[in-house]
Amino acid sequence: MEILELITENVAAFLKAEYQAEGPAPKIESTNPNFKGDFTVVVFPYLRISKSNPEATANAMGTYLVEHLDEISGYNVVKGFLNLELADAFWVNCFEELHPKPTEIPAIGKGQKVVVEYSSPNTNKPLHLGHIRNNVLGYSFCQILDANGYDVVKNNLVNDRGIHICKSMLAWQKYGDGETPESSGIKGDHLVGKYYVRFDQEYKKQIESLKNDGQSEEDAKNNAPLILEARKMLQDWEKGNSEVISLWETMNSWVYEGFDQTYATLGVSFDKVYYESDTYLLGKDIVKGGLESGVFYQKEDGSVWVDLTDEGLDHKILLRADGTSVYMTQDIGTAELKYSDFKMDQSIYVVGNEQDYHFKVLQLILKKLGRPHWEGLHHLSYGMVDLPSGKMKSREGTVVDADDLMAEMVQTAKTQTEELGKTEGMSKAELEELYHTLGIGALKYFLLKVDAKKRMLFDPQESIDFQGNTGPFIQYTYARIQSVLRAAENADFNLVSSLETEEKALIRLFTEYPQVVNDSARDFNPSIVANHAYELAKAYNKFYHQCSILGAKEEETKNFRLALSRTCGAILQHACGLLGMSMPERM
RNA sequence: GGCUCCUUAGCUCAACUGGAUAGAGCAGCUGCCUUCUAAGCAGCAGGUUUCAGGUUCGAGUCCUGAAGGAGUCACCA
């Protein structure tokens with residue numbers, strides 16, 4: 001905001017005029033609500049210059065600022081804090097300037113291309129709540145980058161190959177009896193997930209039996225017939241065995257159909273999809289190249305490794321002795337492919353923090369290989385969603401299924417809406433849309449209001465709230481604003497000369513919004529936008545109760561308050577759009 | 001065991017990156033719908049910011065140590 005620059009300049013001028021000295025730029029903060037004022041300058045850093053006590057220094061500075069800046073109407077001093085009071089006219093001017101374009105964001109990303117990889121599902125099981133956090137976070141962050149002027153490519157890397165995929169394929173082959181989504185009525189991804197779980201159950205049985213025969217735990221895990229068969233299947237797959245490939249294609253197509261449905265319900269989308277089956281060979285080639293150039297080394301058994309001990313890390317395998325590739329191999333290949341496709345300035349990976357080490361290693365490897373894109377790699381590392389019982393594990397069935405959860409949320413929205421009974425006259429289709437908007441909105445906001453870096457807890461016993469700091473609260477505020485605007489005759493725009501505290505609070509939050517969107521992009525953190533939207537909704541409801549809009553005594557006041565409402569609605573809608581939430585006109 | 005991260009009200013989370021008397025929501029209690037949507041508003045209660053030191057005018061925030069928890073160190077992804 002310009003006012004902050006003005007204050008900064010005038011503090012410097014004050015130091016020069018008063019003490020013939022230069023000092024650090026002032027720390028200007030919002031005044032603590034317990035004190036009178038709008039902005040606060042902390043004067044402690046200037047005591048060295050003033051050689052006086054905090055109060056005297058602050059008073060001298062305050063006097064100077066009031067004299068030189070029309071915007072500042074007064075000041076007060078508490079200890080070393082100079083609280084500056086800004087004139088109502090200043091805030092009214094702010095509103096006049098911002099109101100035609102309240103959601104215009106400084107384009108800090110202009111000219112920069114960013115590929116954001118998120119979702120990245122495995123095709124051996126359906127999505128769960130952890131994946132929802134990833135998807136919601138990734139999608140939202142793409143919207144935020146876009147709002148900041150970045151050229152964004154939303155990218156999904158599908159984990160469609162590997163030993164884990166072979167496990168569900170093998171189990172289906174052995175125990176499936178030809179079951180299909182059509183024959184069973186089970187959604188494709190869930191059907192395949194069923195066999196992934198089945199594999200694990202049978203595998204465990206075999207391990208137990210081998211242990212009873214006297215094998216060690218580790219030997220049993222390596223010698224169980226099922227795991228040997230799965231490994232064989234992976235090798236056959238890499239060799240292009242037609243029977244295996246055909247089974248793989250069939251089962252993957254079931255999964256994709258299921259995922260498409262889940263993505264559609266969740267409201268996320270992608271500009272570009274990569275499949276690891278298409279990128280791992282490129283990865284292998286690059287690893288072989290690195291071996292030839294001496295960046296990597298080979299062990300006697302034929303496996304290929306990278307030595308990262310100089311960087312304080314470990315040795316890391318890049319190709320197995322049997323020649324098949326590992327996770328890292330694929331990621332090297334995909335990184336290369338992305339760069340040749342997009343020549344991006346930044347490559348962002350939305351992946352859980354359990355892979356912090358993996359991405360550290362990936363970046364170092366790309367650097368060692370001299371790839372130009374190593375530097376723009378950024379891991380948007382987010383915390384796991386834990387249950388009260390601990391971590392979610394697909395194989396053990398302790399997951400909150402994505403499809404189930406979304407359906408529950410929509411159902412809860414329906415129940416709550418019907419209880420309140422405010423939807424008279426809405427068609428069935430409109431109602432369905434409303435329930436979806438509210439249910440999914442509640443879910444997304446629940447996941448996005450928490451700092452992405454932090455792990456979070458989800459208790460399936462307690463349903464996600466629709467009151468308080470929630471998505472529906474913000475949606476409600478928006479619907480309320482729309483209701484007022486609908487009831488208003490098309491009013492002229494005009495300004496007023498003095499403000500209620502609730503009006504001032506709203507304008508202040510309006511002015512902060514563009515900076516909030518910038519900060520959110522810079523910090524890789526959508527929760528900053530979410531929290532600001534909540535603050536704004538809260539401030540509006542307070543205003544709504546305290547100040548009559550349509551019933552205002554003066555026509556000017558009414559028009560002004562309508563303009564405040566319109567602006568507030570626009571920002572709420574924009575902010576929630578960045579979070580991937582839609583807004584109802586009525587609820 | 002090595003490394004990384006976390007610990008704020010009964011519960012879930014904030015705290016503008018070192019500023020004032022640590023804030024919200026939920027749960028609990030009390031008021032407010034004949035007036036623009038009560039999914040709302042106002043209020044009460046709830047805290048030694050895990051503990052012990054240190055740095056500083058000032059520490060939830062920075063440094064050291066301790067306790068508890070999570071992740072990772074896989075030829076899983």
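Just so we're on the same page: letters track the sequence lines, and every chain starts at 1.
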Practice item. Ignoring backbone atoms, test whether Lys454(A) places a side-chain nitrogen or oxygen under 4.0 Å from the OP1 or OP2 oxygen of rA14(B). Key: yes

Exercise for review: Give one of base, sugar-phosphate or nothing for Cys166(A), where a contact means two heavy atoms less than 4.0 Å apart.
Suggested key: nothing

Expected rows: protein N/O vs nucleotides 69-73 of chain B N/O, under 3.5 Å:
{"unit_1": "rC73(B)", "atom_1": "O2'", "unit_2": "Asp314(A)", "atom_2": "OD2", "d": "2.9"}

Point to revise | Sugar-phosphate only, base, or nothing, as touched by Leu319(A) at under 4.0 Å among non-hydrogen atoms | key: nothing

Practice item. Would you mind classifying the nucleic acid contact of Thr417(A) as base, sugar-phosphate or nothing, using non-hydrogen atoms under 4.0 angstrom? Key: base

Give me the distances for all protein-to-nucleotides 22-30 of chain B N/O pairs that come in under 3.5 Å?
{"unit_1": "rA24(B)", "atom_1": "O2'", "unit_2": "Tyr534(A)", "atom_2": "OH", "d": "2.8"}
{"unit_1": "rG25(B)", "atom_1": "O2'", "unit_2": "Asn469(A)", "atom_2": "N", "d": "3.3"}

Practice item. Tell me what Ile163(A) touches on the nucleic acid: a base, only sugar-phosphate, or nothing, going by heavy atoms under 4.0 Å. Key: sugar-phosphate

Exercise for review: Would you mind classifying the nucleic acid contact of Phe473(A) as base, sugar-phosphate or nothing, using non-hydrogen atoms under 4.0 angstrom?
Suggested key: sugar-phosphate

Practice item. Examine rG19(B): is either OP1 or OP2 under 4.0 Å from a nitrogen or oxygen in the side chain of Lys27(A)? Give yes or no. Key: yes

**Study point:** Syn/anti state of rU17(B) by chi, 90° boundary around 0
**Key:** syn

Check your understanding: Is Glu276(A) touching bases, backbone alone, or none of the nucleic acid, heavy atoms closer than 4.0 Å?
Key -> sugar-phosphate

Exercise for review: May I ask you to evaluate whether Arg320(A) reaches the phosphate of rC76(B), defined as a side-chain N or O under 4.0 Å from OP1 or OP2?
Suggested key: yes

Review point. Phe446(A) versus Met409(A): any side-chain heavy-atom pair under 4.5 Å?
Key: no

Check your understanding: Under 3.5 Å, is there a donor-acceptor pair between the side chain of Gln206(A) and the main chain of Leu226(A)?
Key -> yes

Check your understanding: Under a cut-off of 3.5 Å for both distances of each Watson-Crick or G-U pair, what dot-bracket string does RNA chain B give, using [ ] for crossing pairs and | for inter-strand pairs?
Key -> (((((((..((((.....[...)))).(((((.......))))).....(((((..]....))))))))))))....

Practice item. Answer with base, sugar-phosphate or nothing: what part of the nucleic acid does Asp160(A) contact at a heavy-atom distance below 4.0 Å? Key: nothing

Check your understanding: Is a donor on one side and an acceptor on the other found under 3.5 Å between the side chain of Thr31(A) and the backbone of Phe39(A)?
Key -> yes

**Study point:** Option passing salt bridge (charged side-chain N to carboxylate O under 4.0 Å, His left out) with Glu238(A) (candidates Lys232(A), Arg320(A), Arg161(A))
**Key:** Arg161(A)

Exercise for review: Looking at every strand, decide which applies to Ile317(A) at a 4.0 Å heavy-atom threshold: base, sugar-phosphate, or nothing.
Suggested key: base

Review point. Donor-acceptor pair, Lys284(A) side chain versus Gly323(A) backbone, under 3.5 Å?
Key: yes

Review point. Within the structure shown, what part of the strands sits under 4.0 Å from Asp519(A) by heavy-atom distance: base, sugar-phosphate, or nothing?
Key: nothing

Exercise for review: Report which part of the nucleic acid Ala479(A) touches: base, sugar-phosphate, or nothing (heavy-atom distance under 4.0 Å, all strands).
Suggested key: base

Review point. Touch check for Asp356(A), heavy atoms < 4.0 angstrom, all strands: base, sugar-phosphate only, or nothing?
Key: nothing

Point to revise | Donor + acceptor pair across side chains of Asn222(A), Glu218(A) (<3.5 Å) | key: no

Point to revise | Centroid under 5.5 Å and tilt under 30°, Tyr544(A) to rG40(B) | key: no

**Study point:** Chi angles and distances behind the ring-ring contact (aromatic ring centres under 6.0 Å, His included) call for Phe199(A), Tyr196(A)
**Key:** CA-CA 5 Å; Phe199(A) 176 93; Tyr196(A) 183 65; 7.5 Å; no

Practice item. From the options rC41(B), rU37(B), rA20(B), select the nucleotide whose nearest atom is closest to the side chain of Val484(A). Key: rU37(B)

Practice item. For Lys360(A) and for Ser483(A), locate the closest nucleotide of RNA chain B by heavy-atom distance; then report the residue assigned to the nucleotide nearer the 5' terminus. Key: Lys360(A)

**Study point:** Separation of Gln330(A) CD from Leu362(A) CG (nearest 0.5 Å)
**Key:** 12.0 Å

**Study point:** RNA chain B: 5'-proximal contact among Lys299(A) and Thr477(A) (nearest heavy atom)
**Key:** Thr477(A)

